[in-house]
Amino acid sequence: MDISAIVERGGFDLMCVNTYRRSPTSYNVSERDRTNSDGRTVRPGEEFPKKTAEIVSGQYGINVLLVGVALMLAVGYHGPSVKEKHLLSFITALMLVQLLWMLWYVIRKDRRKAAPAEKDAHVGTSSIRGVITVLALLSLIMDAFRIGHYIGYRKCMSAVLVVYPVVHALHTISQVHFLWFHIKDVIKTYEVFERFGVIHAVFTNLLLWCNGAMTESEHFLNDHKKRLSELGYLNLTIVYHKPYCNCTTRACSIFSSSLYYLYPFNIEYHIFVSAMLFVMWKNIGRTVSHHKKPCVTRSRGLSFGPAFGLVALASTIGVLAVYTVHVEDTLQTRDSAISMFYYHGIGMLGCMGLAGALALLIYRSDSQPLDHSKNPSRQLDQDLLLGASVGTWLMCWCSVVAAGAADSTPKYRWANLAYSLLLFLEKSIQNLFIIESLYRMHDASETDRVEPGGGVLSVSASLASPFKGVINQAYENQDRVCISLDRDQEDKRQVCICPTKQPVLPLPVAASRAENVGWRRLVVRNIIVFLILCNVSLWLLPAFGCRPQYDNGLEQQLFGFTVWTMVLNFAMPLSLFYRMHAVAALLEVFQH
């Protein structure tokens with residue numbers, strides 16, 4: 001082994017190796033070999049099987065989803081050939097296949113304890129898994145209500161309607177266990193088979209999300225038609241699917257009415273799970289960089305963020321209660337309820353936009369580098385935020401056009417216009433803030449931070465620390481943090497990478513810099529808490545029936561009932577998902 005240099009760092013001599021020993025076991029990289037995006041050397045033709053498996057498994061999953069969507073459209077037409085039981089039978093079969101795959105994966109992994117799977121620490125943070133667990137518990141309650149509803153009408157209902165919630169409950173419990181203990185795995189064996197198993201799970205959950213969103217939208221649309229008919233606007237046919245027999249228990253109406261209050265939680269559960277499983281699918285066969293996780297010191301002093309956020313949440317609950325009661329009252333009371341919604345939304349969206357802009361200004365005053373390393377989880381977060389925003393932006397611009405071109409002048413016309421423009425602006429600013437937060441790295445030179453109490457607490461070096469030199473781990477303990485890598489497969493030598501030691505600043509300079517960093521982080525963390533509570537508030541309103549886009553009549557007058565209903569059926573599920581996904585992304589930003 002040739003030693004080319006001895007580099008002096010902080011009084012310690014680190015041996016830097018720039019050549020490898022020529023030996024029979026050494027791995028010689030030919031000129032035709034190349035390096036992939038993960039930094040791993042691959043030979044010609046090695047990536048073709050992997051890429052083929054990705055394409056074929058992706059096509060399989062997409063077509064599974066499209067078959068389910070075709071059945072959903074047939075059921076939505078309410079024809080005599082395809083019934084709800086046929087759709088539920090198909091979905092039940094998909095869930096059973098996924099259960100068999102998860103069981104096989106867990107058993108196979110348990111038998112290979114001697115060779116633990118590689119982990120991707122960026123996938124499935126504890127906060128996201130906690131949110132999914134809460135949503136799963138509410139989904140289990142919904143399954144219990146489904147079973148109770150079937151028991152009351154069992155004489156005239158298909159057995160599929162009770163098999164489905166039972167299998168769904170088992171599927172939910174098993175899937176949450178899988179997410180907690182296996183979602184971080186980077187699969188390196190049976191890659192082709194595992195790709196099909198994971199992508200099957202992804203699109204099974206997507207189909208469950210589509211089915212829940214369609215059922216919830218149909219229920220809300222029927223309620224909207226009923227209100228329009230009672231007000232004398234339209235003479236529409238309302239389709240209700242009630243069993244052709246009497247209920248044998250007294251709780252049937254409670255079960256059937258309570259189901260639709262739980263649908264929003266079930267819908268969000270499945271879309272979250274499908275996103276996490278998709279990251280697992282992208283990680284199959286990937287070489288994950290071994291980074292040291294930063295040690296985060298919790299900041300105290302969260303004050304104005306939670307306070308203003310709780311005020312926003314409390315006011316939202318009040319608006320929701322008043323709206324749901326008054327929207328079915330007289331025409332004047334209904335218009336007042338719609339105006340109240342828009343004025344409340346204008347105030348909240350304005351505050352959220354200002355808070356996001358302030359956080360971005362703080363970022364601009366802090367010249368920290370961005371992390372451009374490959375991270376499928378972070379990339380998916382970015383794509384989902386931008387993709388889910390499309391639904392809201394479509395509704396916004398339709399409302400802007402409708403408010404500008406309206407013949408009638410209801411008192412909420414210009415409030416609707418201001419609300420739509422602010423909603424577009426708020427989501428644009430929030431997307432920019434969240435995405436930049438996910439890509440920002442802690443400055444390696446920030447070695448101290450001041451808490452509000454005045455104490456200076458040391459924090460660990462960040463992932464941005466530059467790495468210079470590869471050294472033998474047998475070297476005696478050095479006064480720095482080393483990151484252990486996997487054993488070299490060729491010459492069985494274990495090496496570690498050491499970050500360079502940062503220059504020690506004088507105490508007054510370090511204290512001043514720490515205090516400056518401390519107040520910036522404190523303000524940003526308060527803003528994040530405020531945005532989390534505001535996004536929860538804006539999710540609650542449409543999730544529980546507060547949807548003035550159906551009731552104000554401006555868009556429906558311009559675009560027609562059919563076109564506007566299609567726009568809302570497309571955009572509303574995406575808007576709901578955006579708010580919940582923004583909450584999860586902000587929680588991740590808050591933790592780091």
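All values below were derived from every heavy atom in this structure, side-chain atoms included, with hydrogens, water molecules and symmetry-related copies excluded.
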R108 and T189: side-chain donor and acceptor closer than 3.5 Å?
yes

Set of side-chain hydrogen bond (donor to acceptor under 3.5 Å, both in side chains) partners for S253, sequence neighbours left out:
none

Apply the side chain to side chain donor-acceptor pair (under 3.5 Å) test between N552 and each candidate in Q556, E555, Q549; give the one that qualifies.
E555

Do N535 and Q430 pass the side chain to side chain donor-acceptor pair (under 3.5 Å) test, and can you show the C-alpha distance, the side-chain angles, and the key distance before you say yes or no?
CA-CA 10 Å; N535 277 281; Q430 183 170 260; 2.8 Å; yes

With sequence neighbours left out, the residues meeting salt bridge (Lys or Arg N to Asp or Glu O under 4.0 Å) with R154 are none

Less than 6.0 angstrom from the centroid, inside 45 degrees of the normal: does R525 satisfy that with respect to the ring of F590?
yes

Side-chain heavy atoms of V583 within contact of V131, under 4.5 Å
no

Would the Y153 and H149 ring centres measure less than 6.0 Å apart?
yes

Taking the six-membered ring for Trp, is the centroid-to-centroid distance between F203 and W209 below 6.0 Å?
no

Tell me whether E84 at atom CD has more than 12 heavy atoms from other residues, nucleotides or ligands lying less than 6.0 Å away.
no

Quick one: do the E268 and Y263 side chains pair a donor with an acceptor below 3.5 Å?
no

Do W539 and S575 have a side chain donor and acceptor closer than 3.5 Å?
no

Pairs where residues 66-76 contributes a residue and the test side-chain hydrogen bond (donor to acceptor under 3.5 Å, both in side chains) is met, not counting sequence neighbours
none

With sequence neighbours excluded, residues passing side-chain hydrogen bond (donor to acceptor under 3.5 Å, both in side chains) with W104
none

Kindly write out the residues that satisfy ring-ring contact (aromatic ring centres under 6.0 Å, His included) with F341, not counting sequence neighbours, or none if the list is empty.
Y419

R334 side-chain N/O to H326 backbone N/O, donor-acceptor pair under 3.5 Å:
no

In terms of ring plane angle, is the pair Y261 and F544 parallel, tilted or perpendicular, where the classes change at 30° and 60°?
parallel

Side-chain donor-acceptor distances from residues 85-95 under 3.5 Å, at least two apart:
{"residue": "H86", "atom": "ND1", "partner": "K83", "partner atom": "N", "Å": "2.9"}
{"residue": "S89", "atom": "OG", "partner": "K85", "partner atom": "O", "Å": "2.6"}
{"residue": "T92", "atom": "OG1", "partner": "L88", "partner atom": "O", "Å": "2.6"}

More than 12 heavy atoms of other residues, nucleotides or ligands under 6.0 Å from CZ of F559: is that the case?
yes

Under 6.0 Å between the ring centres of F220 and Y550?
yes

4.5 Å side-chain heavy-atom contact, S399 and L554
no

Would you kindly say whether E218 and N569 are connected by a side-chain donor-acceptor distance under 3.5 Å?
no

Please confirm whether the backbone N or O of F255 pairs with a side-chain atom of S258, one donor and one acceptor, at under 3.5 Å?
no

With ring centroids as reference points, do F181 and H177 lie under 6.0 angstrom apart?
yes

Can you tell me if Q59 and N63 form a side-chain donor-acceptor pair at under 3.5 Å?
no

Consider only side-chain N and O atoms of T392 and K427, and report whether a donor and an acceptor are under 3.5 Å apart.
yes

Residue pairs passing the disulfide (SG to SG under 2.5 Å) test with at least one member in residues 133-209, sequence neighbours excluded, are C156-C245

Partners of F178 by ring-ring contact (aromatic ring centres under 6.0 Å, His included), sequence neighbours excluded?
W101, Y105, H182

Residues at least two apart in sequence or cross-chain that pass disulfide bond (SG atoms under 2.5 Å apart) with C546, listed by chain then number, are none

Check E426 with R579, please: is the shortest side-chain N to carboxylate O separation under 4.0 Å?
yes

Cut-off 3.5 Å, side chains only: do N266 and E216 have a donor facing an acceptor?
no

Sequence neighbours left out, what passes side-chain hydrogen bond (donor to acceptor under 3.5 Å, both in side chains) with S256? Give chain and number order.
none

Kindly write out the residues that satisfy disulfide bond (SG atoms under 2.5 Å apart) with C252, not counting sequence neighbours, or none if the list is empty.
C247

May I have the step-by-step check of side chain to side chain contact (heavy atoms under 4.5 Å, CB included) for N526 and S303, ending in yes or no?
CA-CA 7 Å; N526 275 276; S303 55; 4.2 Å; yes

For T172, enumerate each residue passing the side-chain hydrogen bond (donor to acceptor under 3.5 Å, both in side chains) test, keeping only those at least two apart in sequence or located in another chain.
none

